[in-house]
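Let me begin by presenting the structure, written as structure tokens, before commenting on it.
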Amino acid sequence: MKRGLLTYLSACKPHHYLFNGKEYGSQLSRKGVQWLMQDAVSKAGIKKKGICVHTLRHSYATHLLEDGLDIVSIKELLGHSFLETTLVYLHMAGLGRKAPFSPLDTLYTKEA
């Protein structure tokens with residue numbers, strides 16, 4: 001990926017935007033990004049319907065949550081105004097339930 005990006009940078013020499021639109025110096029349009037995503041999905045042989053650019057955002061947030069990042073940090077990364085919006089990812093993440101415990105159970109197991 002790094003090699004491809006370096007080749008692109010030397011060939012296209014983007015100035016204002018990393019990926020130019022149709023006109024040099026213009027930004028890549030939403031339609032262009034959507035087309036690129038659908039092209040990548042097709043080339044990858046993915047047959048599932050409904051995969052779009054927003055799927056990447058959901059996947060990113062879900063993986064962060066599964067890897068242990070706290071929900072408030074994910075909210076800030078995604079730019080959500082309300083925590084409730086981010087809490088949707090709790091339902092998507094494959095987090096196993098932990099047995100309930102009392103803080104007293106771990107009172108003397110922590111290092112001081």
Side-chain angles (χ1 to χ4, degrees):
M1 194 166 159
K2 180 181 175 183
R3 189 174 11 168
L5 189 56
L6 289 173
T7 301
Y8 168 78
L9 290 172
S10 66
C12 295
K13 297 177 181 37
H15 184 67
H16 294 290
Y17 302 100
L18 179 59
F19 300 107
N20 291 319
K22 287 184 179 180
E23 303 294 324
Y24 180 78
S26 69
Q27 68 183 20
L28 188 59
S29 67
R30 284 186 187 183
K31 198 84 162 155
V33 172
Q34 291 168 353
W35 182 87
L36 288 168
M37 179 69 175
Q38 289 306 313
D39 187 52
V41 166
S42 176
K43 286 180 179 176
I46 299 170
K47 304 291 183 206
K48 184 176 179 180
K49 298 288 183 198
I51 294 180
C52 61
V53 176
H54 208 73
T55 305
L56 296 176
R57 182 177 168 89
H58 288 303
S59 298
Y60 175 67
T62 302
H63 286 297
L64 288 174
L65 191 57
E66 288 174 343
D67 285 346
L69 189 62
D70 64 281
I71 196 78
V72 174
S73 296
I74 294 171
K75 172 195 167 287
E76 291 171 3
L77 279 171
L78 297 178
H80 291 160
S81 298
F82 303 101
L83 185 60
E84 291 77 14
T85 308
T86 314
L87 289 174
V88 170
Y89 296 107
L90 286 175
H91 300 291
M92 299 166 114
L95 301 174
R97 295 226 20 183
K98 294 181 180 174
F101 64 91
S102 166
L104 297 174
D105 295 341
T106 59
L107 185 62
Y108 296 108
T109 58
K110 295 180 183 176
E111 290 182 28

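Quick note: residue numbers are just sequence positions, from 1.
A donor-acceptor contact shorter than 3.5 Å links the side chain of Thr62 to the backbone of His58.
Val53 is not listed as a side-chain neighbour of Leu36, based on a closest heavy-atom distance of 4.5 Å or more. When side chains are defined from C-beta on, Lys48 does not count as touching Val41, because their heavy atoms never get closer than 4.5 Å.
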Quiz: residues 25-32 side-chain donor-acceptor pairs under 3.5 angstrom, not counting sequence neighbours:
unit_1: Ser26; atom_1: OG; unit_2: Glu23; atom_2: N; d: 3.4
unit_1: Ser26; atom_1: OG; unit_2: Glu23; atom_2: O; d: 2.6
unit_1: Ser29; atom_1: OG; unit_2: Gly32; atom_2: N; d: 3.0

Please list, one pair per line, the donor and acceptor atoms closer than 3.5 Å that link side chains of residues 73-81 to other protein atoms, with sequence neighbours excluded.
unit_1: Ser73; atom_1: OG; unit_2: Asp70; atom_2: OD1; d: 2.8
unit_1: Ser73; atom_1: OG; unit_2: Asp70; atom_2: OD2; d: 3.1
unit_1: Lys75; atom_1: NZ; unit_2: His80; atom_2: O; d: 3.4
unit_1: His80; atom_1: ND1; unit_2: Thr86; atom_2: OG1; d: 2.6
unit_1: His80; atom_1: NE2; unit_2: Arg57; atom_2: NH2; d: 3.4

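In the hydrophobic clustering of this structure, Val72 groups with Leu65; members are Ile, Leu, Val, Met, Phe, Trp, Tyr whose side-chain heavy atoms approach within less than 4.5 Å, directly or through other members. Placement of Leu18 and Leu56 within a single hydrophobic cluster is found when ILVMFWY residues are connected by side-chain heavy-atom separations under 4.5 Å, directly or transitively. Grouping the Ile, Leu, Val, Met, Phe, Trp and Tyr side chains by contacts below 4.5 angstrom, directly or via other members, places Trp35 with Met37.
Asn20 and Pro14 get closest at one heavy-atom pair: ND2-CA, 4.0 Å.
For Thr55, the side chain to side chain contact (heavy atoms under 4.5 Å, CB included) partners are Ile51, Cys52, Ser59, not counting sequence neighbours. Under the rule for a side chain to side chain donor-acceptor pair (under 3.5 Å), the partners of Lys43 that lie at least two apart in sequence or sit in another chain are Asp39. In terms of the ring pair (Phe, Tyr, Trp, His ring centres under 6.0 Å) criterion, residue partners of Phe19 (sequence neighbours excluded) are, by chain and number, Tyr8.
Remark: Ile46 CD1 to Gln38 CD distance equals 10.0 Å, nearest 0.5 Å.
Within the structure, no pair that satisfies the salt bridge (Lys or Arg N to Asp or Glu O under 4.0 Å) test touches residues 7-22, not counting sequence neighbours.
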